[in-house]
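Report on the following structure.
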Amino acid sequence: MSSVPVDEALQAGLDPYLAALEADLPGRPSIRAAILEELHDGLIESAQNYLGEGKTPPEAARAAIAEFGHPGEVAAAFVSEVAALQARKVALVLLRTGPLMGLLWGFALLTSPATDQMVLRHNLVGWWQAFPLVGLVIVTIVAAALITVAATGGPSRYVTIRPDVALTTAATAGFAVVAGDLAMLGITTAQAIFEPSSLAWVPVTVAATASLARLIVSRRAARQCLTMRAAVIT
Amino acid sequence: MRAEALKGHLDALLLAALEDGPRHGYAVIQSLRQGSDGRIDLPTGTVYPALHRLQRAGLIASRWSTVAGRRRRTYQLTSAGRKALASERGSWREFAGAVSALLEGTKRPAKGAT
């Protein structure tokens, strides 16, 4: 049954339903696309069963659609799952990019003339006195992201954490990343203005560019988590 | 049988439907329908999200393939899923035995017992 090519009339009968589902499904485009592909395959399977019972392609499409239910209800059933998936993706990306950012900034500081000994000896002066705040931000990021990953992964078998809570912790991690990157960019910008000779410009520029890119992406991801959280709560 | 009546047993039913081998989402629905002589007919909106949730929990795994020109997601039990299914079966036998004993009166306490 599954190897039978899809009849054009059958597909035409399913297309409006799939379009309505696409409009109703929450989440990022990549998540929605995967759900749609899966449901499309299920609809075709169902419709082909009806074709085997002697229905015409339009009748089979209508019967399959009736079996699957109203697109709004099907989409609503996915909200919690899409929310958990979105929170998990954001947290995993933040956890995976964190070490790279640490390496870039670490290299930039250790190769800068005025900061290598300062950082190594924990003797911070000037704008760098704000540096420990970045440590607090890193602890917040790691804690919030790990809670999100645990809440949406294997441990969810044993402990149920609501999707809106997972979205909140993911958004917290995202905004903490924004704060951390802003702090590093602020410190190096101040240093560049008042003591330009104290910086190794190439590694600092590379780290600052990467930080800026991550800041923009993290802010957007955190805001998307909050938008999804609102959808989950309502 | 309504989905609400199966609340608490949905995960076990889905895991059982995958016990004999990999299945795609609609095949899972059909398996439950046919295996229960049509008495368990879960709505699409219940089954697909639940499969995704079980995958996140590591109890099943999925892979994508191409069948007749369209993409298909197929699910299969993981070793953690098999253990969970065995545990769910044990709990169900215990629960069903206790409820049957009470409803069918096979183990009622003697009159006057406190």
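Numbered from 1 within each chain, the chains take letters A, B, ... in sequence-line order. If you're wondering where the values come from, they're calculated on a predicted model, not measured in any experiment.
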Please classify the contact between B:Gln55 and chain A as side chain, backbone, both or neither, with a heavy-atom cut-off of under 4.5 Å.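 Contact with chain A: none, neither part.
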Any ion pair linking [Y] and [X] (charged N to carboxylate O, less than 4.0 Å)?
X       : Y       : result
A:Glu81 : B:Arg53 : no
A:Glu45 : B:Arg70 : yes
B:Arg72 : A:Glu37 : no

Heavy-atom count check: over 12 atoms from other residues, nucleotides or ligands less than 6.0 Å from [X] [atom1]?
X        : atom1 : answer
B:Arg33  : CZ    : yes
B:Arg71  : CZ    : yes
B:Glu94  : CD    : no
A:Arg219 : CZ    : no

Using the rule given for side chain to side chain contact (heavy atoms under 4.5 Å, CB included), can you reason through A:Asp41 versus B:Val67, listing the C-alpha separation, both sets of side-chain angles and the distance that settles it, and then say yes or no? CA-CA 9 Å; A:Asp41 179 52; B:Val67 177; 5.6 Å; no
State the [atom1]-[atom2] distance between [X] and [Y], to the nearest 0.5 angstrom.
X        : Y       : atom1 : atom2 : value
A:His70  : B:Thr44 : NE2   : OG1   : 14.0 Å
A:Ser156 : B:Leu54 : OG    : CG    : 9.0 Å
B:Ile29  : A:Phe68 : CD1   : CZ    : 5.5 Å
A:Leu85  : B:His52 : CG    : NE2   : 8.5 Å

For A:Ala34, is it the side chain, the backbone, both, or neither that has a heavy atom closer than 4.5 Å to a heavy atom of chain B?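 Contact with chain B is through both the backbone and side chain of A:Ala34.
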Shortest non-hydrogen contact from A:Ala151 to B:Arg56? O-NH1, 4.3 Å
Pair A:Glu67, B:Tyr26: side-chain N/O donor-acceptor within cut-off below 3.5 Å: yes
